[in-house]
Amino acid sequence: MPKIGEEEEKAAVECIRSRNLASYEYIVKFQEDFKKYIGSEYALAVSSGTAALHLALRALDIKEGNEVVVPSFNFVAAVNAIKYVNAKPVFIDIRKEDFCLNPDLLEKCLTPKTKAILLTHMFGNPCDMDKIMAFAKQHNLYVIEDCAESLGSEYNGKKLGAFGDISCFSFYGNKYITTGEGGMCVTNNEEFKKKIDSLRAQGKKEGRAERDRIGKPHFFHDFLGYNYRMTDLQAAVGIAQLKKMNKFIHDKRRVINVYNELLKDLDVELMKEHDGMRYNFWMYAVLFKNKEVRDRVVANFKKYEIPYREMFPVELPVTEDVFNRGLILPDSQEMNEEEIAFVVEKIKEVL
Ligand SMILES: *Cc1c(COP(=O)(O)O)cnc(C)c1O
């Protein structure tokens, strides 16, 4: 869980005291900070991660008759967004070592209607971007990165979100950083940036920020738009949160390192950081030998009131296997070594 401190409080108060909650000043600053953090050309703040995904699909003109390849082991938002534009989701199975889509199965999902791959960096684990980007290039597909869980994770020294045509982030309450609700689209393509800027503001010819700068409102709309804007108050909090990213990742990795050490000799499959990658470890999921063991661990956790989360339910063989054997362990950045050891003790009791 993201930690809200005095910095966020100060930022929110400062924004209120400006007496203008729609000045766009904080939004512009948050976008600037965010694109620098990711290393991309443009960042556009929006009202949620789901809105970001919807806008990405609209900006790429994905519509009825198109197919979008999407991992089956997923949060539902990406699939909802594909449905919003009346395109068809084509589910692809995952790899159990990183919970991300298996690039070797892409070929099988391809049809003449395939327009894009909408990948999810599950639990913050980077997808196999080299393989996925090469496949997309070869078959002329767009790539949208769902980075809602992967802020700060790196692949070959580059931040996730810097690879796809458009990448989408979420600042919902349980994400790495939060603005309560909120999201961000990131891209290097000026045309996509303009499209998203307009779509998030009711399809105005030029988006809200542009309009304010030239001081001339536009009330002519060429296409269907939305009100998907973020507020300055949210952006003010987001600016303060983003400054803490290095500390958040450091604290989370401390917890995960203790777990890995304590669990390393047990019959449990752990998420391993592949070479050249840096996970943010947004959620720490492990796989037990089989469903029966996993269910006994769950029962023991319940008895000792240890929080846990089950996996996302879906079909396709690896996804089902992971759903049956997997468990997300309590992994709050504030956990101390004793608390982590207690959780591991309760796993050991079962194994
Ligand atoms: C949280 C999440 C989203 C949706 O973000 P919201 O801001 O809640 O709309 C999308 N995809 C994934 C993988 C998520 O975890």
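Note that ligands are numbered from 1 as they come in the structure, with each ligand's atoms numbered from 1 the same way. Source: prediction; values computed, not measured.
Ring geometry for Phe30 versus Phe34: interplanar angle over 60°, hence perpendicular rather than tilted (30 to 60°).
Residue-level proximity to ligand 1 for Ser48 is carried by backbone and side chain together, each with a heavy atom below 4.0 angstrom. Proximity of Lys175 to ligand 1, defined as any heavy-atom pair under 4.0 Å, is confined to the side chain (atoms from C-beta onward). With a 4.0 Å cut-off on non-hydrogen atoms, Thr50 touches ligand 1 through its backbone as well as its side chain.
Among all protein heavy atoms, the one lying closest to atom 8 (O) of ligand 1 is Tyr172 CB, 3.8 Å. Of the protein's heavy atoms, Asp146 OD2, 2.7 Å lies nearest to atom 11 (N) of ligand 1. Taking atom 5 (O) of ligand 1 as the reference point, the nearest protein heavy-atom neighbour is Ser170 OG, 3.2 Å.
Salt-bridge check for Lys29 with Glu25: failed, with every basic side-chain N at 4.0 Å or more from each acidic carboxylate O. Salt-bridge annotation for Lys247 and Asp251: present, with a side-chain N of the basic residue lying under 4.0 Å from a carboxylate O of the acidic one. Salt-bridge annotation for Glu145 and Lys159: absent, with no side-chain N of the basic residue lying under 4.0 Å from a carboxylate O of the acidic one. By the 4.0 Å N-to-carboxylate-O rule, Glu269 lies close enough to Lys96 to be salt-bridged with it.
On a distance-only criterion, Leu53 and ligand 1 share no N/O pair closer than 3.5 Å. Between Glu149 and ligand 1, at least one N/O pair is under 3.5 Å apart.
In this model, a donor atom of one side chain and an acceptor atom of the other lie less than 3.5 Å apart for Tyr26 and Glu14. In the model, Glu181 has no side-chain atom that pairs as donor or acceptor with a side-chain atom of Gln234 under 3.5 Å.
Heavy-atom proximity to Gly49, at under 4.0 Å, picks out these atoms of ligand 1: 5 (O), 6 (P), 7 (O), 9 (O). Near Ala148, meaning under 4.0 Å from any of its heavy atoms, are these atoms of ligand 1: 2 (C), 3 (C), 10 (C), 11 (N), 12 (C), 14 (C), 15 (O). Near Ala77, with a cut-off below 4.0 Å to any heavy atom, the atoms of ligand 1 are 3 (C), 4 (C), 10 (C). Here is the list of ligand 1 atoms found below 4.0 Å of a heavy atom in Thr120: 13 (C).
With a 6.0 Å radius and a threshold of 12 heavy atoms from other residues, nucleotides or ligands, Lys346 has its NZ atom above the threshold.
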